[in-house]
Colleague: 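The structure that follows is given in the form of structure tokens.
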Amino acid sequence: MIKEVTYYEVICDKCGERLCLDEVTAWQSEEDAKDALDYAGWQEMESGRVYCDDCLDSGEINFGDSNNEDDYDN
């Protein structure tokens, strides 16, 4: 059987790290993904960008610049 599946991943916009909680890297809904990033200590900004706890702690995030050239882009 071939079946279309929609799932949500959380990826840091600075370093590209993919959120992994208890070996889970994808969630069934956007709300579940947001709950997971909150639980992990990651942060979603008003701009929609997401940052992992390591990047948040690094002091390299310029919160006033929503178009940081160093941000990871897919």
Side-chain angles (χ1 to χ4, degrees):
M1 175 189 311
I2 298 175
K3 184 176 166 181
E4 180 179 332
V5 177
T6 300
Y7 60 90
Y8 297 84
E9 296 178 322
V10 181
I11 300 172
C12 178
D13 283 303
K14 177 70 176 165
C15 70
E17 179 180 350
R18 178 167 289 134
L19 179 61
C20 181
L21 290 176
D22 298 326
E23 298 184 24
V24 175
T25 60
W27 290 266
Q28 292 181 349
S29 71
E30 187 173 353
E31 183 178 327
D32 290 343
K34 287 182 179 192
D35 288 345
L37 77 88
D38 286 340
Y39 180 80
W42 290 32
Q43 188 169 1
E44 181 179 24
M45 309 314 243
E46 287 183 24
S47 66
R49 291 192 176 276
V50 173
Y51 298 105
C52 68
D53 52 349
D54 288 339
C55 287
L56 289 168
D57 291 343
S58 73
E60 295 179 11
I61 304 295
N62 182 354
F63 294 105
D65 184 2
S66 63
N67 191 14
N68 188 341
E69 290 181 10
D70 293 333
D71 287 347
Y72 175 83
D73 289 316
N74 290 351

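In this chain, residues are counted from 1 in sequence order.
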Colleague: When Ile, Leu, Val, Met, Phe, Trp and Tyr are grouped by side-chain heavy atoms lying under 4.5 Å apart, directly or through other members, which residues fall in the same group as Leu37?
Modeller: Val10, Leu19, Leu21, Val24, Trp27, Tyr39, Trp42, Val50
Colleague: I need the minimum non-hydrogen distance between Ile11 and Gly16, along with the two atoms involved.
Modeller: CG2-O, 3.6 Å
Colleague: First locate atom CD of Gln28, then atom OH of Tyr7, and finally report the distance between them rounded to the nearest 0.5 Å.
Modeller: 13.0 Å
Colleague: Determine which pairs satisfy salt bridge (Lys or Arg N to Asp or Glu O under 4.0 Å) with at least one residue from residues 31-42, sequence neighbours left out, and list them in order.
Modeller: Glu30-Lys34, Lys34-Glu44
Colleague: Roughly how far, to the nearest 0.5 Å, is the SG atom of Cys55 from the CD atom of Glu17?
Modeller: 7.5 Å
Colleague: Measuring from Cys12:SG to Arg49:CZ, what's the distance to the nearest 0.5 Å?
Modeller: 10.0 Å
Colleague: Is the shortest side-chain heavy-atom distance between Tyr51 and Met45 below 4.5 Å?
Modeller: yes
Colleague: As an exercise, state the distance from CG of Asp13 to OG of Ser47, rounded to the nearest 0.5 Å.
Modeller: 7.5 Å
